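Keep in mind the model is a prediction, meaning the values are calculated, not measured. The figures here come from the full heavy-atom set of this structure, side chains too, leaving out hydrogens, waters and symmetry mates.
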Amino acid sequence: MATSAPISKILDAGLGETVIFPSPGQVIRRRMRRHKGLIIGGIAVLLTFLVAVFAPVLAPHDPYAQDLSKRLIPPFWHEKGTWDHPLGTDNLGRDYLSRVVYGCRISLIIGFSIMLIAVTIGTTMGILAGYFGGTVDMVVSFLVTVRLALPAVLVALAVVVLIGGSMTVVIVALGFLIWARAAVVIRASTQQIRSQDYVAAAQAAGCSTIRILLTEILPNLADNLVVVATLEIGRAILLEAALSFLGMGVQPPTPSWGLMISEGKEFMLFFPYLITIPGTALFILVLGMNLLGDGIRDVTAPEGRT
Amino acid sequence: MKSVLEVKSLYVDLPLPAGMLHAVRNVSFHVNQGETVSLVGESGCGKSMTALAVMNLLPRKGVRRAEVLSFEGRDLMKIDDSKMADIRGNKMAMIFQEPMTSLDPCYTIGNQLEEAILQHRKVSTAEARDRAVFLLEKVGITAAESRLKQYPHQLSGGLRQRVMIAMGLMCGPSLIIADEPTTALDVTIQAQILSLLASLQQEFEMGLILITHDLGVVSRTADRLAVMYCGEVVETGTTEEVFDNPIHPYTRGLMDCIPVPGKTKPGEKLGSIPGMVPTPIGELTGCSFRNRCPSASPDCARTETRLIEISPGRAYRCLLSPEACAVEWNRA
Amino acid sequence: MDEPIIRTVDVRKTYRVSAGTFKGKRSLHAVNGVSISVKRGSVLGLVGESGCGKSTMAKMILRLEDITGGEIYMNGKPVSSVSRKHIARNIQPIFQDPYSSLNPRKNIYSIITLPLRALKVDGASDRHKQVDEIMGVVGLAPRLKYNYPNQLSGGQRQRVAVARALIMHPDLVLCDEPTSALDVSVQSQILNLLIDLRKEFGLTYILISHNLAVVQHMASRVAVMYLGRIVEEADTQALFRNPRHPYTQALLTSVLTPNPHLGLPETHLGITYPNPIDPPPGCTFHPRCPKADQRCSREAPQPVVEKDHLVECFHPEPVS
């Protein structure tokens, strides 16, 4: 251009503000701050997580210590309640608060482990089906259909009955049962990403298929993966609670929330807190997880409503 | 000639996270019966926003204001939403760029065409159907009766755009707003669709607003045109005037940018407009083209530009006189 | 005589597509016997309407699609015998839509260096220097190096795509509608850039476009495709001065040059582009052709070359 530097400066001023477009990360952070569901869910999950990590500090008593002289003490808001056992004790005299706090650990460990197995299987299948299509896609779709025809809880029950209940068995059994949703979601997004020109450009640049899957497709699946993972954790926690409630999951005396509800059900009429307290904890954690998952989906959506 | 649409000092503001976007600023134009007026410009110049403002279809939170916005003598600024909805699709039709997304894939062509008139007029289904067949034949679709039973995906792009045009004509509108009607079509189809639009417009004496970035399309179809840049009209006049004697540096720049067989030398570099369009967010002063203009001087930043009328209907927005514009342009 | 960079011999691509529920599969001949050759340093324009097979041709040359018939020779060697990496070193693409051709999760530096990393080119240390250099060449401000594609305008994105294509210094750049998604003023910037780069690096282009004005401006030779076949091929000047095939003539008349004194052209083409699954018998163009006669609907014309001007028609215009 013919204009010299100072003039071009004069010319550039007052032409509206220079709009610096935010990077993808900045966009997501900006939307996050405005998303109420995400914030509430995030806080609920974070608190549960902190409780699980600091369980030994937070729990006033040993969750396994029985004291039959202190059976069924009601929580503090009851007239017979004591601050020594803020949430009361169960029928074996174990401190209920401590058991709920340690139950956090169990729920989260189980939830995360099941999710890891399920999402790993589901993502692998989904990416392969979505990227290669054809026969691979047909096989994966068939597996997904077969899996969806199996009732997860019943199959898990059968496995536990055959092998015997333990945390590991529950995790592995459920992990291998609930990957279908992840596979379906990831397959659909992979198909969509695969048709983008940047994948063709990477192929034309000589990238190996593995490299394309890992560096071109997987990063663009990250948002979807986080959403699916979060929702799957919630579902896994609920399934574990259901199994434990039926006596086929985590075995006593482990303080699992499902198991606590199961143990409390005999005393339900006179001591309803035995059920409502672990029930509420379960409700808050799963609701938090779902809010978080939905929230992440909203803030990472390409043209999400802000 | 009777004026169909009159727009005077139209402004459109859109609040964005980064600030207030002044998408359309002080735009005035009018469309007469049987006349084609073209809004020309590149993406983001406000041409589509102008059309949406006329139809009152601005994005949520978008605000329009205008000194005059009258359609067939009715003040559109004072009309309520339900009356406006009645005008849209009835007296004012819109044709969009992508015919696939503007037709509903779940309904047959016939359903959609009939619905277009049943919504606004008290006519029987049989009459609506007759009208649909009549118009499909008018837009050059053979075997119209059988086409009525087809779904949009069964038609080619060119046919879909014809159906869209027929749909726009169902109620006998007096104004058609066509937003890039041929951009998604192949070249051979483009000429056909444009001829069709032109002949229908003559036959039914409609006004046509043609929104496009394609100078070729404009030069062949429009009676008058307004070149838009950064939300403002920078030059306006009849098509011959503007193409034969462009004044504004932006108009000249645009015309130099496109390869023209027989005029530009193959393999030689084309003219270009350096830099990028500014985003009209926040306070704006002076000429918006100055940072890309070869004839810019510090005055351009200080002084507000206004449309200078050199003859009735012929105006440009620059501080320099037309002669000085030409001299500066040839020097640069 | 120099061996052409790309020579295709009777290349075919047939897809099996389902014709409808319970109707089984049918063949779609997207490319139906195309023979072209691209000389070093030339620009071949490939013109045609959507669905004519020009993009499939591009994908086969890049080997993103397998060939179902015929052979493509790169520098005299059949591409089926060389590795994809070898092709990548020599041929790079520029795609139409700069919004879809750049990975939104990667910054500009990492997008441009992708070919270097994929082909394991040594010298990771001076990659930054290489990127700075190529960004300068294509006219991208250095400060954009760590930005993401969504922070760039359409023109800037297309420059990034050009930079990515050029970082390996390929012989041939395959431009698939490089400017049709861009604004007029940006289009000329990119075309000028392509012209400059060609001079600077001695590049060869295959330019696929539906915009005949652009092709005439850029190309040294033009091939016109219709329903998977080349119906006319000649040097640009000859083809535009003396179009011999009725389809080429129709294409040329439908170009809308900016001229307010001309009306809209009448192309006499009828309205329907035939369905490629169900191509018309004989000459595939005959239902739209004003010159068609009995023979055209029965027999398929063979390519005839006269004075280096190929045409596939029973009633071509004579060579002038």
Once rounded to the nearest 0.5 Å, what's the spacing between atom [atom1] of [X] and atom [atom2] of [Y]?
| X | Y | atom1 | atom2 | value |
| --- | --- | --- | --- | --- |
| L264(C) | I193(B) | CG | CD1 | 11.5 Å |
| E266(C) | Q192(B) | CD | CD | 7.0 Å |
| L262(C) | R220(B) | CG | CZ | 4.5 Å |
| T188(B) | H210(C) | OG1 | NE2 | 10.5 Å |

Region of [X] in contact with chain B, defined by heavy-atom distances below 4.5 Å:
| X | value |
| --- | --- |
| Q156(C) | side chain |
| D196(C) | side chain |
| L191(C) | side chain |

*Just give me the residue among G154(C), S220(C), S254(C), A219(C) that pairs up with chain B most often, heavy atom to heavy atom, under 4.5 Å.*
S254(C)
Among [options], which residue forms the greatest number of heavy-atom pairs with chain C at distances under 4.5 Å?
| options | value |
| --- | --- |
| G216(B), A222(B), G41(B), A198(B) | G216(B) |
| G271(B), P259(B), S272(B) | P259(B) |
| A191(B), S195(B), G44(B), P261(B) | P261(B) |
| I258(B), D244(B), L254(B) | D244(B) |

Taking all non-hydrogen atoms of both residues into account, name the closest pair between [X] and [Y] and its distance.
| X | Y | result |
| --- | --- | --- |
| G267(B) | I195(C) | O-CG2, 3.5 Å |
| P266(B) | Q216(C) | CB-O, 3.6 Å |
| R292(B) | S185(C) | NH2-OG, 3.6 Å |
| H217(C) | K265(B) | CE1-O, 3.1 Å |

*Would the number of heavy atoms belonging to other residues, nucleotides or ligands and lying under 6.0 Å from CD of E203(B) be above 12?*
yes
Could you check whether any side-chain N or O of [X] sits under 3.5 Å from a backbone N or O of [Y], counting only pairs where one atom can act as donor and the other as acceptor?
| X | Y | value |
| --- | --- | --- |
| T257(C) | V260(B) | no |
| Q189(C) | I273(B) | yes |
| N192(C) | K269(B) | no |

Side chain, backbone, both or neither: which part of [X] has a heavy atom under 4.5 Å from chain C?
| X | value |
| --- | --- |
| T221(B) | side chain |
| Q190(B) | side chain |
| K263(B) | neither |

*Flag the pair L194(B) / L256(C) as yes when at least one side-chain heavy-atom distance between them is below 4.5 Å, and no otherwise.*
yes
*Within-4.5 Å side-chain heavy-atom neighbours: M255(B) and P258(C)*: no
_side-chain contact (heavy atoms from CB on, under 4.5 Å), that's the test. Do Q187(C) and L270(B) meet it? Break it down for me._
CA-CA 10 Å; Q187(C) 165 177 313; L270(B) 297 160; 5.9 Å; no
